[in-house]
Asks: 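Okay, handing you the structure first.
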Amino acid sequence: MSSFSVFIPRVFANISEQRIANVFHQNDIGEVNKVDLVKRTNDKGEKYNMAFVHFEYLFQTTSAKNFRDDVENPQVKAKLVY
């Protein structure tokens with residue numbers, strides 16, 4: 001599977017691109033090609049990032065299939081707990 005990207009609306013400001021990529025790899029979901037972080041600040045002045053995760057490919061695993069199914073289903077809020 002290729003050309004797959006996900007948007008993460010809120011990531012703690014101290015989380016790096018590499019850490020995000022490692023989480024997807026360690027959870028048998030896929031190989032991340034690039035992570036774009038966009039700095040944001042909420043109404044209380046707290047900093048966070050939005051993340052756009054671009055995959056090189058998804059693994060052929062149950063975890064990857066379940067994750068993709070959740071992301072593509074508008075009735076489900078996909079989550080990755082790490």
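Numbers for residues simply follow the sequence, beginning at 1.
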Asks: For the NZ atom of Lys47 and the CZ atom of Arg40, what is their distance to the nearest 0.5 Å?
Replies: 11.5 Å
Asks: Any idea which heavy atoms bring Phe24 and Val6 closest together, and the distance?
Replies: CZ-CG2, 4.4 Å
Asks: Please find the pair of heavy atoms, one from Phe59 and one from Ala64, that lie closest to each other, and give the distance.
Replies: O-CB, 3.1 Å
Asks: Any non-hydrogen side-chain atom of Ile29 less than 4.5 Å from a side-chain atom of Thr61?
Replies: no
Asks: Could you tell me how the ring of Phe52 sits relative to the ring of Phe7: parallel (under 30°), tilted (30 to 60°) or perpendicular (over 60°)?
Replies: tilted
Asks: Distance check, rounded to the nearest 0.5 Å: Arg68 atom CZ versus Ser63 atom OG?
Replies: 15.0 Å
Asks: Could you state the interatomic distance from CG (Asn66) to CG (Asn27), rounded to the nearest 0.5 Å?
Replies: 12.0 Å
Asks: Tell me whether Val11 shares a hydrophobic cluster with Val71, the cluster being built from Ile, Leu, Val, Met, Phe, Trp, Tyr side chains joined at under 4.5 Å.
Replies: yes
Asks: Shortest non-hydrogen contact from Glu56 to Asn33?
Replies: OE1-OD1, 3.2 Å
Asks: Would you say that Leu37 contacts Ile20 through its side chain, given a criterion of any heavy-atom pair below 4.5 Å between the two side chains?
Replies: yes
Asks: Tell me whether Ile8 is reachable from Leu80 by hopping between hydrophobic residues (I, L, V, M, F, W, Y) whose side-chain heavy atoms are closer than 4.5 Å.
Replies: yes
Asks: Looking only at side-chain N and O atoms, does Glu46 offer a donor or acceptor that is under 3.5 Å from a partner on Asn42?
Replies: yes
Asks: With hydrophobic residues grouped by side-chain heavy-atom distances under 4.5 Å, do Val32 and Phe12 end up in a single group?
Replies: yes
Asks: For Phe55 and Phe4, take the angle between the two ring planes, folded into 0 to 90°, and tell me which bin it lands in: parallel under 30, tilted 30 to 60, perpendicular over 60.
Replies: tilted
Asks: For the OG atom of Ser5 and the CG atom of Asp36, what is their distance to the nearest 0.5 Å?
Replies: 9.0 Å
